[in-house]
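Down below is the structure, laid out as structure tokens.
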Amino acid sequence: LLRRNVKCRCIAEPVEMMQTVYKTKVSRNENMAKLQAGYLFPEIARRREVHMLKYPEAKVISLGIGDTTEPIPEVITSAMAERSYALSTVAGYSGYGAEQGEKNLRAAIAETYYGNLGIQETDIFVSDGAKCDISRLQILFGSNVMMAVQDPSYPAYVDSSVIMGQTGPFQKDVEKYGKIEYMKCTPENGFFPDLSTVSKTDIIFFCSPNNPTGSAATREQLVRLVQFARDNGSIIVYDSAYAMYISDDCPRSIFEIPGAKEVAIEISSFSKYAGFTGVRLGWTVIPKQLVFSDGFPVAKDFNRIVCTTFNGASNIAQAGGLECLSPQGLKAMHEVVGFYKENTDIVVDTFKSLGFKVYGGRNAPYAWVHFPGRSSWDVFEEILEKAHLVTTPGSGFGPAGEGFIRVSAFGHRENVLEASKRLKELYM
Ligand code: PLP
């Protein structure tokens, strides 16, 4: 039986309420109390554990969380090893580095990804990953701003906004937080929001290629987005963590759009390019031209936050990042990305051959598969129960994700092929 509107049911609470014998006098942060049912991926991990207890013999394959699986190319790990060994020498030792990142890495990022776009080395802030920078940006904006997000979107934007106190409580009837503008992205609008229906907000989080829909915005669409931000005096936070997966001529950076430097920040990461999800290295670009309403440069405030909350990315990780941007490192990263893109083709072809409508895939390592009229969590459970495959329920990314699942193409080739076989057995 197909059931609609079956919401996420927690199998176990993230932290059991303990029988306490002693309580502090500290009241809980009310914003934390607004957060719903735990973060999406821990919830999936819990369900996977329950499944594995039920079927200890099953070989569960994860196409869920979107973590990289392939080894980091050796040219890159060699550079990290060298830097690591050098730390054991008097000449090669270094302690705290610049909070904003090493000069040569900032220069290499500016040159490689923003070469002709007028972005300078000093506009780049090297970080321990895009997710951490999302929260640092929220600290920068504070609790008095209102933000817009694509619906569906990567959950960290909404959750960090809730934690900062920018939102109202969660409204169960619509599955949305108050005081967040959800920009619906569906097959009907080509996964780009109808900006004529979007209310003015201070901040617009925009991810392209989008996680989870896998859709990349075209140049013409981004021109409209930048114009929309300029008309409203908003700041766009553009997440380009998957830009290297773009196969067509969609822009790789928001700064390809004229006028974007006055209204946009870009966050990005080595995580999905070089398998750095565990190494941790990313960056944020804040052009000097971006200023607050009083004319104060946004980058200056961000610099203050970085210097206060962060002591710089690991020097070993930065050596790896620098090598990523060498000619041989770039070639190796393209091979890693190419491998996952082949996986994506296998996943997309599998679902298409079974008659499903599949979106994304072309410009991102995610297939966004439509199960019209069904609850995402039910589909998730069905695929886990019957094929021992972990996917991600679309509704976990926002209400417009209901009826979809996200299938990640990060996986060893034999696992992706095995997953394809099991899906064909399940849905043929
Ligand atoms: N942004 C998006 C859209 C992502 O999908 C992810 C990770 O999955 C991140 C940011 C986090 O990247 P990082 O590993 O650099 O923190």
Side-chain angles (χ1 to χ4, degrees), residues 39-42 44-45 62-70 72 101 105 109 113 124-138 147 149-161 183 185 191 203-217 236-246 250 252-254 265-285 306 309-310 313-314 317-318 320-321 324 333 336-337 340 344 360-361 363-368 390-392 394 396-398 401 406-411:
Y39 189 71
L40 173 65
F41 295 108
I44 291 170
S62 179
L63 302 177
I65 182 163
D67 192 6
T68 46
T69 55
E70 300 312 293
I72 298 171
L105 178 57
I109 291 170
Y113 293 111
I124 311 282
F125 294 83
V126 175
S127 75
D128 51 349
K131 195 185 214 179
C132 316
D133 272 352
I134 290 165
S135 286
R136 289 187 195 109
L137 287 170
Q138 296 286 24
M147 68 163 219
V149 279
Q150 288 148 299
D151 174 19
S153 67
Y154 179 55
Y157 313 137
V158 166
D159 283 5
S160 59
S161 175
M183 304 185 292
C185 297
F191 298 101
I203 310 299
I204 303 168
F205 273 87
F206 197 92
C207 180
S208 179
N210 178 268
N211 174 10
T213 65
S215 286
I236 300 167
V237 178
Y238 188 81
D239 187 337
S240 64
Y242 298 97
M244 269 185 84
Y245 287 80
I246 293 178
C250 287
R252 268 76 173 158
S253 164
I254 191 70
I265 289 170
E266 183 161 308
I267 53 178
S268 201
S269 169
F270 288 99
S271 282
K272 309 297 162 83
Y273 299 176
F276 269 33
T277 48
V279 171
R280 309 301 306 144
L281 196 68
W283 68 91
T284 287
V285 188
V306 165
T309 64
F310 185 50
S314 148
Q318 292 191 73
C324 283
M333 283 202 296
V336 171
V337 168
Y340 291 127
T344 316
N363 288 326
Y366 300 118
W368 186 239
V390 179
T391 57
T392 310
F397 299 96
R406 188 195 74 175
V407 185
S408 150
F410 293 116

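FYI, side chains are in, hydrogens and waters are out, and symmetry mates aren't considered; it's all heavy atoms of this structure. As the structure is a computational prediction, the values presented were derived from the model and not from experiment. Every number for a ligand or one of its atoms is a count from 1 in the order of the listing.
With ligand atoms numbered from 1 in the order given, ligand 1 contributes 15 (O), 16 (O) to contacts under 4.0 Å with heavy atoms of G129. When each atom of ligand 1 is checked for a heavy atom of C207 under 4.0 Å away, the hits are 3 (C). Atoms of ligand 1 found under 4.0 Å from any heavy atom of S269 (numbered from 1 in listed order, with element): 13 (P), 15 (O). For ligand 1, the atoms lying closer than 4.0 Å to a non-hydrogen atom of N211 are 3 (C), 4 (C), 5 (O).
Looking at every heavy atom in both residues, W283 comes nearest to D133 through C-OD2, 3.9 Å.
Side-chain atoms of S127 come within 3.5 Å of backbone atoms of G129 as a donor-acceptor pair (strictly under, hydrogens ignored). Using modelled atom types, no side-chain atom of R406 and backbone atom of N211 make a donor-acceptor pair closer than 3.5 Å.
Considering CG of D67 and CZ of F41, their distance stands at 10.5 Å, rounded to 0.5 Å. How far CD1 of I203 is from CD1 of I265: 7.0 Å, rounded to the nearest 0.5 Å.
Distances between N or O atoms of Y154 and those of ligand 1 include no value under 3.5 Å. Of the N or O atoms in Y366, none lie within a sub-3.5 Å distance of an N or O in ligand 1. For the pair T277 and ligand 1, the shortest N or O to N or O distance does not fall below 3.5 Å. Taking any N or O of I134, backbone or side chain, none lies under 3.5 Å from an N or O belonging to ligand 1.
For Y238, there are no ring-ring contact (aromatic ring centres under 6.0 Å, His included) partners, not counting sequence neighbours. Scored by the ring-ring contact (aromatic ring centres under 6.0 Å, His included) test, F310 finds no partners at all (sequence neighbours excluded).
The residue among K131, K272, R280 with a heavy atom at the shortest distance from atom 8 (O) of ligand 1 is K272.
Looking from atom 3 (C) of ligand 1 to the surrounding protein, the closest heavy atom is D239 OD2, 3.3 Å. The closest protein non-hydrogen atom to atom 12 (O) of ligand 1 is A130 CB, 3.8 Å.
Only the side chain of Y242 comes within 4.0 Å of ligand 1, judged by heavy-atom distances. The part of S271 lying near ligand 1 is the side chain, judged by heavy-atom distances below 4.0 Å. In Y157, the part holding a heavy atom less than 4.0 Å from any atom of ligand 1 is the side chain.
For the ligand labelled ligand 1, residue G282 lies outside the 4.0 Å heavy-atom shell.
The aromatic rings of Y366 and Y242 stand perpendicular to each other, their planes meeting at an angle above 60°, with 30° marking the opposite boundary. Ring pair Y273/Y245 is tilted by interplanar angle, where 30° to 60° counts as tilted.
With respect to R136 and D128, a salt bridge is recorded, a charged nitrogen being found less than 4.0 Å from a carboxylate O.
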